Visitor: 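Pasting a structure here, questions to come.
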There are 2 protein chains.
Amino acid sequence: MARTQGSHSDITGPRIRAAALQLFARHGYAAVSMRQIAKEVGVQAGALYNYTPDKQSLLFRLMRTHMDELLSARAARGDFATAVEALEDFTRFHIRFHSERPEEVFIAYMELRNLSPDNFATIEALRRQYEDELEAIVQRGISEGAFAVSDTKIPAMAVIAMLTGVNTWFSSGGRLSLDEVETIYWNMVRKAVAA
Amino acid sequence: MARTQGSHSDITGPRIRAAALQLFARHGYAAVSMRQIAKEVGVQAGALYNYTPDKQSLLFRLMRTHMDELLSARAARGDFATAVEALEDFTRFHIRFHSERPEEVFIAYMELRNLSPDNFATIEALRRQYEDELEAIVQRGISEGAFAVSDTKIPAMAVIAMLTGVNTWFSSGGRLSLDEVETIYWNMVRKAVAA
DNA sequence: GTCTATAGGGGGATAGAC
DNA sequence: GTCTATCCCCCTATAGAC
């Protein structure tokens, strides 16, 4: 028996999430209505509820997917002989991964307060996991005698804040290529923690 | 003739702005209603319009005041003999000023997209002015031979992003005093740009 | 799966009494 | 200056036809 249902279901779902991603990033979750999302997709508002139980779940799914992709892309990176090499890899990975997903990154930082408490806890745990990976690199560098910092958590937070800041100004057609930007940041990061 | 009007006007205005500040910071501009603000102040919603022409102006005034205070506090800092000293002063000033005003800082970063185009341009110009002051310090450090960075704008953005990040985790009752935090950051900033 | 229609609730802002 | 009352609009989410 051929399935007669589901003719559009495989395409409408992704299109809803793509529209929500762009609209949430541009105007903010609270300022975007389900009607706007529906209009962007080309369906009526009621049809959205075939794909998401509610607006909150739509936001959560975008953030959850983003964090999962971040952590698995990060996990796919190899091991490194020294903490310095690991830190350079982290620096370049972070800048590149985030610059390729400006909308997701923006939402991940700006819409945390619009998550329900449970959803917030889930996202927060994933974010913490990512930070811990950098903190471990800092710790390793100290053990190896390559880094000299009087704390591990603060340098990790400082480096992530600094690198994520690239997204606020970088544009791919600008004065510098992403590769050049990576190198400038890596030089600053390297020196900042160096012994 | 004694003025009989204005009995509450001197106090209600500030209370409205204080309530809006807290609510906007906590829930976001778009998610907060004029009725909520009024309730927090203890007046009816219509009374708010004696103090602001509309909701947008309320947001703008908060951001404008914050940026004005930032720039004048910064201007009150003295001159310094070397770029290194100027950079240390900037670092400590930025962390302290921002950590004392978490709600204002949060709004200044998160609600830019909810400003009308004209209001956005005004705030953006003030923010740019602040960044330019740091960029000038970086430029000076290069001239003096004290700093070695292959760009001036990117290090300025990187340092500001790093320092502002303190607000995402610092709490005054925590493991470290603000003074200790300042010193940790200053060591990283100093080394990051050092020749 | 999508539509139309609607329930049920807020929203920003204004008018006019006091 | 503040209140009550209201205009007119939009919101999320659901029900039921097709």
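Below, chains carry the letters A, B, ... as their sequence lines are ordered, and counting in each starts from 1. Just so we're clear, the structure is a prediction, and the values are computed from it rather than from any experiment.
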Visitor: Base of C:dG12, side chain of B:Arg35 - is there a donor-acceptor contact under 3.5 Å?
Guide: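 Yes, the side chain and the base share a sub-3.5 Å donor-acceptor pair.
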Visitor: Measuring to OP1 and OP2 of C:dT2, would you say a side-chain N or O of A:Thr12 lies under 4.0 angstrom away?
Guide: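 Checking A:Thr12 against C:dT2: at least one side-chain N or O falls below 4.0 Å of OP1 or OP2.
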Visitor: Is there a side-chain polar atom (N or O) of A:Ser33 under 4.0 Å from OP1 or OP2 of D:dC11?
Guide: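 It does, given that an N or O in the side chain of A:Ser33 lies less than 4.0 Å from OP1 or OP2 of D:dC11.
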Visitor: Rounding to a whole Å, what distance do you find between B:Tyr49:OH and C:dG16:C1'?
Guide: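 These atoms are roughly 17 Å apart.
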Visitor: Checking A:Gln22 side chain against A:Ala19 main chain: does a donor-acceptor pair fall under 3.5 Å?
Guide: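 Pair absent, no side-chain N/O of A:Gln22 close to backbone of A:Ala19.
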Visitor: With nearest nucleotide decided by heavy atoms, which residue, A:Lys55 or B:Val43, maps closer to the 5′ end of DNA chain D?
Guide: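 This one resolves to B:Val43.
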Visitor: Between atom CG in A:Asp10 and atom C1' in C:dG1, what is the gap in whole Å?
Guide: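 One finds 12 Å between C1' of C:dG1 and CG of A:Asp10, rounded.
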Visitor: Does the cation-pi check pass for B:Arg101 over B:Phe97, that is, NZ or CZ under 6.0 Å from the six-membered ring centre and within 45° of its axis?
Guide: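 Yes, a cation-pi geometry.
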Visitor: Given C:dT4, is OP1 or OP2 found less than 4.0 Å from the side-chain N or O atoms of A:Gln44?
Guide: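 Affirmative; the distance criterion is met.
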Visitor: Between A:Asp68 and A:Arg61, does any side-chain N to carboxylate O distance fall below 4.0 Å?
Guide: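 Judged by the 4.0 Å cut-off on N to carboxylate O distance, A:Asp68 and A:Arg61 do not form a salt bridge.
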Visitor: Under the criterion ring pair (Phe, Tyr, Trp, His ring centres under 6.0 Å), I'd like the reasoning laid out for A:Phe60 against A:Tyr29: C-alpha separation, chi angles, the key distance, then a yes or no.
Guide: CA-CA 11 Å; A:Phe60 177 62; A:Tyr29 172 77; over 10 Å; no
Visitor: To the nearest Å, how far apart are A:Ile37 CD1 and D:dA13 P?
Guide: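 To the nearest whole Å, that distance equals 10 Å.
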Visitor: For A:Val41, which contact category applies under a 4.0 Å heavy-atom criterion: base, sugar-phosphate, or nothing?
Guide: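 Answer is nothing: A:Val41 stays at 4.0 Å or more from every strand.
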Visitor: Compare side-chain N and O positions of B:Tyr51 against OP1 and OP2 of D:dG1 and report whether any pair is under 4.0 Å apart.
Guide: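 For D:dG1, OP1/OP2 do not have a side-chain N/O of B:Tyr51 under 4.0 Å.
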Visitor: What is the separation between atom CZ on A:Arg15 and atom P on C:dT2, rounded to the nearest whole Å?
Guide: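 Value for this atom pair: 10 Å.
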Visitor: For the pair made of NZ in B:Lys39 and C1' in D:dT2, what is the distance, rounded to whole Å?
Guide: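 Answer to the nearest Å: 18 Å.
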Visitor: Closest nucleotide of DNA chain D for A:Gln36 versus for A:Ala45: which of these residues is on the 5' side?
Guide: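 Mapping each residue to its closest nucleotide by heavy atoms, the 5'-most match is A:Gln36.
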Visitor: Give me the ring orientation class for B:His66 and B:His98: parallel if the planes are under 30° apart, tilted from 30 to 60°, perpendicular past 60°.
Guide: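 The rings of B:His66 and B:His98 stand perpendicular, inter-plane angle above 60°.
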Visitor: In this structure, how many angstroms lie between the P atom of C:dA13 and the CG atom of B:Asp54, rounded?
Guide: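 Distance check: B:Asp54 CG to C:dA13 P gives 5 Å.
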Visitor: For the pair made of CG in B:Asn50 and C1' in C:dG16, what is the distance, rounded to whole Å?
Guide: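 In whole Å, C:dG16 C1' lies 13 Å from B:Asn50 CG.
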Visitor: Mind calculating the distance between CG (B:Leu48) and C1' (C:dG11) to the nearest angstrom?
Guide: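 After rounding, the gap between these two atoms is 14 Å.
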